[in-house]
Amino acid sequence: GQQVMQIPQYQHVQEGEDFTTYCNSSTTLSNIQWYKQRPGGHPVFLIQLVKSGEVKKQKRLTFQFGEAKKNSSLHITATQTTDVGTYFCAGLTGGFKTIFGAGTRLFVKA
Amino acid sequence: IAGITQAPTSQILAAGRRMTLRCTQDMRHNAMYWYRQDLGLGLRLIHYSNTAGTTGKGEVPDGYSVSRANTDDFPLTLASAVPSQTSVYFCASSEEVTDTQYFGPGTRLTVL
């Protein structure tokens with residue numbers, strides 16, 4: 001079946017270092033969404049990418065959607081302790097189903 | 001404040017018991033979803049509803065049932081709970097199936 005793979009599963013960084021998580025789909029996606037879940041919390045929507053090659057920025061976060069609309073990445077510049085949490089990508093398939101990746105859990109050491 | 005609520009917050013349940021997790025949204029969203037979250041497995045879709053009166057099976061539907069009698073409510077029922085159903089359950093809603101999903105605070109369920 002259709003899958004959305006996300007790597008790495010977890011990442012430990014020193015505060016101030018950069019962080020990237022990658023999302024890959026087995027099929028072309030209509031859009032991709034990114035969510036953040038703080039420890040003990042629930043997933044919260046961050047951003048949606050729709051166009052091939054689209055790049056969006058939110059302060060220190062940069063989101064990219066691949067040219068083939070099958071992969072995406074989230075890059076955080078100069079991580080802070082407030083960035084701690086799990087980041088999920090979620091791809092919308094042609095069948096109008098949203099498939100979540102397994103998430104990347106980010107640990108930031110002060 | 002508009003949003004999505006879930007009840008109970010947490011529950012410990014004996015195996016074999018029946019349990020209904022409640023989910024209510026006041027955003028008049030058409031689509032609603034139930035996910036379970038287990039460590040290392042991310043969010044797995046149990047059941048969904050594209051609009052009131054319709055439901056569909058997700059990735060892991062066995063042992064669970066849902067109903068969507070109206071727009072606001074989407075209860076999830078475990079007919080006879082088993083320990084493997086120990087998990088955190090999230091309800092979510094979106095205006096349409098293609099839109100951003102808004103998640104409830106979750107229900108932590110332990111089946112002994």
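Here is how names work: the chains are called A, B, and so on, in the same order as the sequence lines, proteins then strands, and each is numbered from 1.
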- Task: Give the C-alpha distance, both sets of side-chain angles, the deciding distance and a yes or no for side-chain contact (heavy atoms from CB on, under 4.5 Å) between A:D83 and A:V13.
- Result: CA-CA 11 Å; A:D83 296 325; A:V13 299; over 6 Å; no
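- Separating the OG1 atom in A:T98 from the CG atom in A:N31 is a distance of 7.0 Å, to the nearest 0.5 Å.
- Note that CD of A:Q64 and OG of A:S72 are 8.0 Å apart. Values are rounded to the nearest 0.5 Å.
- Atoms CE and NE2, on B:M27 and B:H29 in that order, are 4.5 Å from each other to the nearest 0.5 Å.
- A side-chain N or O of A:Q6 and one of A:T21 form a donor-acceptor pair less than 3.5 Å apart.
- Rounding to the nearest 0.5 Å places NE2 of A:H75 at 4.5 Å from OG1 of A:T20.
- Note that CH2 of A:W34 is 10.0 Å distant from CG of A:L61, once rounded to the nearest 0.5 Å.
- In this structure, A:K70 NZ and A:E67 CD are separated by 14.0 Å, a value rounded to the nearest 0.5 Å.
- Side-chain atoms of B:Q25 come within 3.5 Å of backbone N or O of B:R28 as a donor-acceptor pair.
- Within residues 48-60 of chain B, the residues having any heavy atom closer than 4.5 Å to a heavy atom of chain A are B:Y48, B:K57, listed by residue number.
- Between A:I32 and A:F63 the shortest side-chain heavy-atom distance does not fall below 4.5 Å.
- Contacts from residues 103-112 of chain B to chain A, taken as heavy-atom pairs separated by less than 4.5 Å, involve B:F103, B:G104, B:P105 in sequence order.
- Heavy atoms from other residues, nucleotides or ligands lying under 6.0 Å from CZ of A:R60 number more than 12.
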- Message: Assess the residue pair A:R105 and A:F107 against the criterion (side-chain contact (heavy atoms from CB on, under 4.5 Å)); give the C-alpha distance rounded to whole Å, side-chain angles, the decisive distance to 0.1 Å, and a yes or no.
- Response: CA-CA 7 Å; A:R105 188 164 182 183; A:F107 299 87; 3.5 Å; yes
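- No more than 12 heavy atoms of other residues, nucleotides or ligands shown are found within 6.0 angstrom of OH on A:Y22.
- For a heavy-atom cut-off of 4.5 Å, chain B lies close to A:Y35, A:Q37, A:G41, A:H42, A:P43, A:F45, A:Q48 in residues 35-52 of chain A.
- With hydrogens and angles left out, the side-chain atoms of A:T77 and A:D18 include no donor and acceptor closer than 3.5 Å.
- Using a cut-off of 4.0 Å between Lys/Arg side-chain N and Asp/Glu carboxylate O, B:R68 and B:D73 are scored as not salt-bridged.
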- Taking it one step at a time, do B:T77 and B:T20 satisfy side-chain contact (heavy atoms from CB on, under 4.5 Å)? CA-CA 4 Å; B:T77 297; B:T20 295; 3.1 Å; yes
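- For a heavy-atom cut-off of 4.5 Å, chain A lies close to B:F90, B:V97, B:T98, B:D99, B:T100, B:Q101 in residues 80-102 of chain B.
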